[in-house]
2 protein chains.
Amino acid sequence: MTKIPLPGSPVRGSKSGAPVMALLDLLGRRWAMGVLWTLCQGGPATFRILQERCESISPAVLNSRLKELREANLVERTTEGYAATKLGQELFGHLEPLGAWAKIWGKSLAPHQDIV
Amino acid sequence: MTKIPLPGSPVRGSKSGAPVMALLDLLGRRWAMGVLWTLCQGGPATFRILQERCESISPAVLNSRLKELREANLVERTTEGYAATKLGQELFGHLEPLGAWAKIWGKSLAPHQDIV
DNA sequence: CTCAATGCTATCTTTTTCATAGCAAACTTG
DNA sequence: CAAGTTTGCTATGAAAAAGATAGCATTGAG
C-alpha cells in the first residue's frame, strides 16, 4: 500500500519529516487538494457524489486519497458521507485564498496565450 | 512532454480550466510546491544547489518542475540562477502560513503516533 | 589545453495514476 | 421477502509520472 506522509517520519523532501514537508507531500498528490476543496466547497458527499464532483477521478485514486486524508485527520466519515474535519476546514481556510489569487495569476498569464 | 496546466484550458478536475483548478493541478505535482518553497525560503539557486536543497529530487523531475513553474510565470532565471518571480513570491505568501499550521496539525496527530 | 563545475539529457526501474469492470452489502419496492 | 438500485469499494491491465544513476556538452578558470 502507498505510504501515507505524516509529520514525524521521513517524507519526500525531508529526512526529518518536518511537518510542512509532510503536508506538502500529502497535498502534492493528484487530487489531494481537489478532494479537500470540493468537500469544503460543496459540503459532505458520498463516495459517488464526490466522484461526480471531481469530474474525472478514478475510484481507486479517490479511495486512496480519502484514506490518506482520513489518516491525516483532515477528512472523516459522517452520516452524510465524507466530510472535512474541523482541521480539514482550517486547512482549507488557508487554501481558499488561492482561488482568488489564481484568477489574478490567470490574467497575468493571459497576454501570452490569449484566453478567450 | 508533460502537459503544463495553465488556466483557460482543460486540466484535471475541470473541463473549463478554472484558474484555481489549473493551479491545484500545477501545484499538485511532486516537488512543485517544494521547489517554490525552497526558492523563496533560501533565495535564488543554481540547478545543482536546488537539487541539494531538495535532498532527494532527481534532475529529470527538477527540470520538469522548473519548466512548468517558469511557464506559469512563478519562477525565472536570473544571473544568480533560478529565482521566484514576483508572482511566485506572492503565491508563496499564501502558502507560507501552511508552515505554522502544519505544526499544529502535527501536534493534533501526535497522540495517535507518538512523535519523538 | 586541462580540469572542475554547471545544466541538463538518457535510460531503466519503480510508483502512481487512469480507465474500466464488477462485486458485496445496504436500501427500496412491490 | 425476492428483485432491482444505489453505494462503496476492489481488481486488473495499461499508461504516465517519478526515482536513481550515468554521463555528456558547455562554460569558465587556471
Could you list, one pair per line, each protein nitrogen or oxygen that sits under 3.5 Å from a nitrogen or oxygen of nucleotides 26-30 of chain D, together with the distance?
none

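- Computed from coordinates, the B:E55 CD to D:dG19 P distance equals 13 Å when rounded to whole Å.
- The shortest side-chain heavy-atom distance between A:P7 and B:L109 falls under the 4.5 Å cut-off.
- The closest donor-acceptor contact from the side chain of A:R53 to the backbone of A:T38 lies under 3.5 Å.
- Summarising the geometry, the separation between CD on B:E80 and P on C:dG7 is reported as 13 Å, rounded to the nearest angstrom.
- OP1 or OP2 of C:dT17 has at least one side-chain nitrogen or oxygen of A:R65 nearer than 4.0 Å.
- Residues that satisfy the side chain to side chain donor-acceptor pair (under 3.5 Å) test with A:E52, not counting sequence neighbours, are absent from this structure.
- Computed from coordinates, the B:R30 CZ to D:dA16 P distance equals 17 Å when rounded to whole Å.
- One interatomic measurement links the two molecules: CG of B:L26 to C1' of D:dA17, which rounds to 15 Å at whole-angstrom precision.
- A:W37 places a side-chain heavy atom less than 4.5 Å from the side chain of B:L24.
- The distance from atom CD1 of B:I57 to atom P of D:dA18 is 10 Å, rounded to the nearest whole Å.
- We find that CG of B:D25 is positioned 14 Å from C1' of C:dC18, with the value rounded to whole Å.
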Could you go through nucleotides 7-12 of chain D and list every protein N or O atom that sits under 3.5 Å from one of its N or O atoms, giving the distance for each pair?
from, atom 1, to, atom 2, distance (Å)
D:dG8, OP2, A:T46, OG1, 3.4
D:dG8, OP2, A:F47, N, 2.8
D:dG8, OP2, A:R48, N, 3.4
D:dG8, N7, A:R48, NE, 3.0
D:dG8, N7, A:R48, NH2, 2.7
D:dG8, O6, A:R48, NH2, 2.4
D:dC9, OP1, A:R77, NH1, 3.1
D:dC9, OP1, A:Y82, OH, 3.4
D:dC9, OP2, A:Y82, OH, 2.1
D:dT10, OP2, A:N63, ND2, 2.2

Check residues 39-48 of chain A and write down every donor-acceptor pair under 3.5 Å in which the side-chain atom is one partner and the other belongs to a residue at least two apart or another chain.
from, atom 1, to, atom 2, distance (Å)
A:T46, OG1, A:I49, N, 3.2

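- Proximity of A:M33 to B:M33: side-chain heavy atoms (C-beta onward) are separated by under 4.5 Å at one or more points.
- Note that CG of B:L87 is 6.0 Å distant from CG of B:N73, once rounded to the nearest 0.5 Å.
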Report each atom pair, protein N/O against N/O of nucleotides 3-5 of chain D, whose distance is under 3.5 angstrom.
none

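- Using a 4.5 Å cut-off on side-chain heavy atoms (C-beta onward), B:R29 and B:P5 make contact.
- Legend: residues meeting side chain to side chain contact (heavy atoms under 4.5 Å, CB included) with A:A72, ordered by chain and number and at least two apart, are A:L6, A:L26, A:L74, B:W105.
- The closest side-chain heavy-atom distance from A:N63 to A:K67 is below 4.5 Å.
- Judged as a ring-ring contact (aromatic ring centres under 6.0 Å, His included), not a single pair has a partner in residues 49-81 of chain A (not counting sequence neighbours).
- Summary of helix geometry: the two end axes of the helix from C:dC1-D:dG30 to C:dG30-D:dC1, each defined by five base pairs via their C1' atoms, are inclined to each other by 20° (rounded to 10°).
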Exercise answer: donor-acceptor pairs, residues 94-101 of chain A side-chain atoms, under 3.5 Å, sequence neighbours excluded:
from, atom 1, to, atom 2, distance (Å)
A:W101, NE1, B:E90, OE2, 2.9

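- Evaluation of the side chain to side chain donor-acceptor pair (under 3.5 Å) test over residues 75-87 of chain B, restricted to residues two or more places apart or in two chains, returns none.
- Note: CG (B:L62) to P (C:dG7) measures 10 Å, nearest angstrom.
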